[in-house]
Each structure stands twice: as C-alpha cells, then as structure tokens.
**Student:** 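Here's a structure for you.
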Amino acid sequence: MTNTMIIKHAEVIDPSAGKIQKRDLCILDGRFAGMPDRIGDIPVFDATGCYAAPGFVDSHVHVFENHAPISIPADQIGIRQGVHTVVDAGSTGVRDFDFFEKEIINRNSTDIRFFLNIARSGLCGGLSELADMDDLMTPEELSGFQKQHGSHIVGIKVRMSGSVVKENGIQPLVYARELSDKSGLPLMVHIGNQPPKLHEVLDLLRQGDIVTHCFHGKAGGIPDYPREFVSAASRGVRFDVGHGSASFSSDTVPRAMGIYPVDFSISTDLYSRNFKSPVGSLMDTMTKFLPYGFTVEDLVRRVTDLPRKFLGLSPAAIKLGEPADLTIFRINQGIKELVDSEGKAISVTRYFEPVAAIMKGKKVWSNEF
C-alpha cells in the first residue's frame, strides 16, 4: 500500500479557485478518493500546520549535469525541494538530446520537461551558442525530433542577450519565429543585456510565447519599454520570473507591475552557481514575493496552474479520481534574510518551507512528514 494513505488536517489549496480549505485527503491506489468508512491499516499522516497543493512546477532550470557546464542534479532542486516538475530551459539541443534523455530524464524521480535550444549544441558548447547561425537546427531536424521525442518537449528556447548572439543581433529570434510557426511549439525567450533591444524582441512574439527574466534590473528592461510591454501582454505573450544569478531585481517588480499587472509565472533559473545564493530554491523565490502583498494561494497558483497552462500540461487538480500528486509545505514565522540577483537584501517575516512530495500517491521525499 505504498501509494495509499490518508492525510489529515491539511490546509488544502485549490489554485484554480484561489481557495484554502482545511480538510482530510484520502489516496487509494495512487488517486484521490472519498474517505472510507473504516481506515483499517491505511497509513495516516498528520499534516497539522501544513499546506497541501498540487505538485509544484519550476518552469526554468538547468539540469543537464556532466554535459552543460552550469547544470545541477534535477532531484536536488526538484523532488527534494517539493517540486514535482522541472523544465530545463535550453541546456540541450538536438545534438545531445539522446544523452539528456538517457542520463537525466530517465535517471531522476523528478518529472523533467524541456525547452529545446535552437542551437544544435545547446549550452554544451559554451554560453554564446547563438553566435554561429550555422549551428542552428533546421526545420527538418526539429520536425523529426518532435515525432521521436514529442512527449517531453514544451517549446523552443532562444537566449537573446548580446553575449549570446554576438554580431547576429535579432536574427536568431527571427529564425526561431519561423521554426515556432512551422512546428506549433511556443518560444521561451531569455531577455538580458542589449543588443538586441527589448522592443525588437517583443515585437516578434505572439500569443503563447514566454518571456523569461521579466524582472531583471539591467538597462533596457521592461520599465524602459512600457508601450511594447503592454502591447505584448495584451496579445497573450506570457511572462516568467527566471530569477537566476543576474535576472531578478526586487526594485523592478513594482515598476513593471505598475505599468501593467501581468499574470507572471514564478521560476528559478537554478543551476550550480546560484543554488546557494542568490536563488536558493523555488520556495525561496516564492517567498521573495510575499513582501509585495501576494497571498499564499496566489503564489501557489503561479507555480502550479499558471506554468502548467503556459507549458501545455494537464491542469493541476486535487479532485476525486485524479492522480494524487501533492506538494506539502508550511509557512514558517520568523525572520529570514534573502537577496535578489543584485545583492539587495530582502528581509521576510514568514517563508515557504518544503515538507514532502507525493507522486501518484507515493511519498517519494519527505523532510519530516
């Protein structure tokens, strides 16, 4: 009965409705079920003081360890931090995907999806992967890849920073736009240091495409292009945090949201160099939004329902008959000192802490639960 249990006294979050309700949960054979008349020998776990939510999603990480030099083990930042699904954002291209599937997807407990890098070599050949237009995958390569590996791919990744594109400017994104239109896959576009300028990037994006690093504090960010930002958001372009080492400014959040209250997803851009600081974890990144007045249930929505919608995954739900995938966490009271990507202190008086991860009714990781 490893995938059968009863969880008592949990604060259950329905992210689609934005509600929290204290109740018991019954899981039978890996699915949510009605409470039995007799508990018998079913394992019972007391979740007093804890929240239960659909499995968390981190939609921007780098986990191609031993191949892409900045990567980190998927389970370290995934299931062992209560995060069910992580999405590798372009560490691999078509050239090395067989290794990624064999060594990363198949050898971790965390559910791993990915954005395929437009460059054949992904990040495995360095961090200026769009400097050589001859290394970009062809439409034929992408079509064949989709047919063979379509179940885990969620889109195409393009990193549009000056250090990545070098002399090619906006041209890699123009080409990626063509690939996206032919394949039906959305783009995830990294924004950062110019060139190209942000307005050039936003003008090429369409409904369903995702802008990551949306709250960076570098010159030429969203606050410098309010008209283009509002236009993109209004036509269905999506926005994602992608914290990272240099891409989250706590000052940019209120400036951007003051221009247009975009419904952004929360992700970390976690990799080996930023794991300890400044990012830490998905729950640390969520915590950094509490001082702005976001509620717990809204922040949970931004790591469950919203990214799943962005990524084309099935909706998150705690409903009878659905697979029992849960993130168990608590909100601790006390001072915790965090920082943004620019080293600015973020002092909080309450913070998210992972407690357990349950996948298809099986407790696959627990801190204490």
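Every value quoted in this text rests on a predicted model; they were computed, and no experiment measured them. Positions are given from 1 along the sequence.
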**Student:** Judged by modelled atom types alone, do His216 and Ser249 share a side-chain donor-acceptor pair under 3.5 Å?
**Tutor:** no
**Student:** Would the Phe239 and Phe215 ring centres measure less than 6.0 Å apart?
**Tutor:** no
**Student:** Look only at the side chain of Asp340 and the backbone of Gly343, and say whether a donor-acceptor pair between them is shorter than 3.5 Å.
**Tutor:** yes
**Student:** Given 3.5 Å as the limit, does a donor-acceptor pair link the side chain of Ser180 with the main chain of Leu185, or not?
**Tutor:** yes
**Student:** Indicate the atoms forming the closest heavy-atom contact of Ser265 with Leu306, along with that distance.
**Tutor:** N-CD2, 3.9 Å
**Student:** Is the Phe289-Phe264 ring centre distance short of 6.0 angstrom?
**Tutor:** yes
**Student:** Within the structure provided, determine whether Ser161 and Ile191 are in side-chain contact (heavy-atom separation under 4.5 Å).
**Tutor:** no
**Student:** Mark yes or no for whether Ser341, through its side chain, and Phe248, through its backbone, hold a donor-acceptor pair below 3.5 Å.
**Tutor:** yes
**Student:** Any carboxylate oxygen within less than 4.0 angstrom of a Lys/Arg side-chain nitrogen, looking at Arg238 and Asp209?
**Tutor:** no
**Student:** Would you check if Arg308 and Ser314 make a side-chain contact, meaning some heavy-atom pair closer than 4.5 Å?
**Tutor:** yes
**Student:** Cut-off 3.5 Å, side chains only: do Thr268 and His243 have a donor facing an acceptor?
**Tutor:** no
**Student:** Do Ser231 and Arg227 have side-chain atoms, one donor and one acceptor, less than 3.5 Å apart?
**Tutor:** no
**Student:** Check whether any side-chain heavy atom of Lys288 lies under 4.5 Å from a side-chain heavy atom of Val348, and answer yes or no.
**Tutor:** no
**Student:** Would you say the ring centroid of Phe114 lies under 6.0 angstrom from that of His152?
**Tutor:** no
**Student:** Measure across Cys50 and Val355 and return the closest heavy-atom pair with its distance rounded to 0.1 Å.
**Tutor:** SG-CG2, 4.2 Å
**Student:** Judged by modelled atom types alone, do Asn108 and Thr110 share a side-chain donor-acceptor pair under 3.5 Å?
**Tutor:** no
**Student:** Would you call Asp111 and Arg113 a salt bridge, taking side-chain N to carboxylate O under 4.0 Å as the test?
**Tutor:** yes
**Student:** Please walk me through it: do Val94 and Leu116 pass side-chain contact (heavy atoms from CB on, under 4.5 Å)?
**Tutor:** CA-CA 7 Å; Val94 293; Leu116 186 68; 3.6 Å; yes
**Student:** Parallel, tilted or perpendicular: which fits the ring planes of Phe97 and Phe145, with parallel below 30° and perpendicular above 60°?
**Tutor:** perpendicular
**Student:** Might you work through the side-chain contact (heavy atoms from CB on, under 4.5 Å) test for Cys214 and Ile222, ending with a clear yes or no?
**Tutor:** CA-CA 7 Å; Cys214 64; Ile222 281 174; 3.9 Å; yes
**Student:** Evaluate the side-chain proximity of Val154 to Phe310: yes if any heavy-atom separation is below 4.5 Å, no if none is.
**Tutor:** no
**Student:** Does any non-hydrogen side-chain atom of Gln146 lie less than 4.5 Å from one of Leu142?
**Tutor:** yes
**Student:** I need the minimum non-hydrogen distance between Val279 and Gly244, along with the two atoms involved.
**Tutor:** CG2-O, 3.5 Å
**Student:** Is Arg120 reaching over with its side chain to a backbone N or O of Asp134, donor-acceptor style, under 3.5 angstrom?
**Tutor:** yes
**Student:** Is there a donor-acceptor pair closer than 3.5 Å between any side-chain N or O of His213 and the backbone N or O of Gly242?
**Tutor:** yes
**Student:** Salt-bridge test for Arg177 and Asp203: reply yes if a basic N is under 4.0 Å from a carboxylate O, no otherwise.
**Tutor:** no
**Student:** Mark yes or no for whether Thr138, through its side chain, and Glu141, through its backbone, hold a donor-acceptor pair below 3.5 Å.
**Tutor:** yes
**Student:** Between the side chains of Asp88 and Ser91, is a donor N or O closer than 3.5 angstrom to an acceptor N or O?
**Tutor:** yes
**Student:** Is a side-chain donor or acceptor of Asp269 paired with a backbone partner of His60 at a separation under 3.5 angstrom?
**Tutor:** no
**Student:** With heavy-atom distances below 4.5 Å as the criterion, would you say the side chains of Leu282 and Ile266 are in contact?
**Tutor:** yes
**Student:** Under 3.5 Å, side chain of Arg159 to main-chain N/O of Leu127, donor-acceptor pair present?
**Tutor:** yes
**Student:** For the residue pair Ser71 / Glu65, report whether a side-chain donor-acceptor contact shorter than 3.5 Å exists.
**Tutor:** no
**Student:** Ignoring hydrogens and angles, state whether a donor on the side chain of Ser245 or Tyr271 is under 3.5 Å from an acceptor on the partner side chain.
**Tutor:** yes
**Student:** Between Asp96 and Ser121, is there a side-chain donor-acceptor contact under 3.5 Å, judged purely by atom types and distance?
**Tutor:** no
**Student:** Would you tell me whether Thr252 and Arg255 have side-chain atoms, one donor and one acceptor, within less than 3.5 Å of each other?
**Tutor:** no
**Student:** Could you check whether Arg31 pairs with Glu322 (Lys NZ or Arg NE/NH1/NH2 to Asp/Glu carboxylate O, under 4.0 Å)?
**Tutor:** no
**Student:** For Phe100 and Phe64, take the angle between the two ring planes, folded into 0 to 90°, and tell me which bin it lands in: parallel under 30, tilted 30 to 60, perpendicular over 60.
**Tutor:** perpendicular
**Student:** Taking the six-membered ring for Trp, is the centroid-to-centroid distance between Phe99 and His67 below 6.0 Å?
**Tutor:** yes
**Student:** Without swapping roles, check the side chain of Tyr175 against the backbone of Met137 for a donor-acceptor pair under 3.5 Å.
**Tutor:** yes
**Student:** Does the plane of the ring in Phe56 sit parallel, tilted or perpendicular to the ring in Phe329? Use 30° and 60° as the thresholds.
**Tutor:** tilted
**Student:** What are the two closest non-hydrogen atoms of Ile72 and Leu270, and how far apart are they?
**Tutor:** CG2-O, 4.3 Å
**Student:** With distance as the sole test, does Arg206 use its side chain to make a donor-acceptor pair with the main-chain N or O of Pro186 at under 3.5 Å?
**Tutor:** no
**Student:** Go through the side-chain N and O atoms of Ser59 and Asp240 and say whether any donor and acceptor fall under 3.5 Å apart.
**Tutor:** yes
**Student:** Quick test of your reading of the model: are Asp24 and Lys8 salt-bridged, counting only N-O distances below 4.0 Å?
**Tutor:** yes
**Student:** Below 4.0 angstrom, N of the basic side chain to O of the carboxylate: do Lys166 and Asp132 qualify?
**Tutor:** no
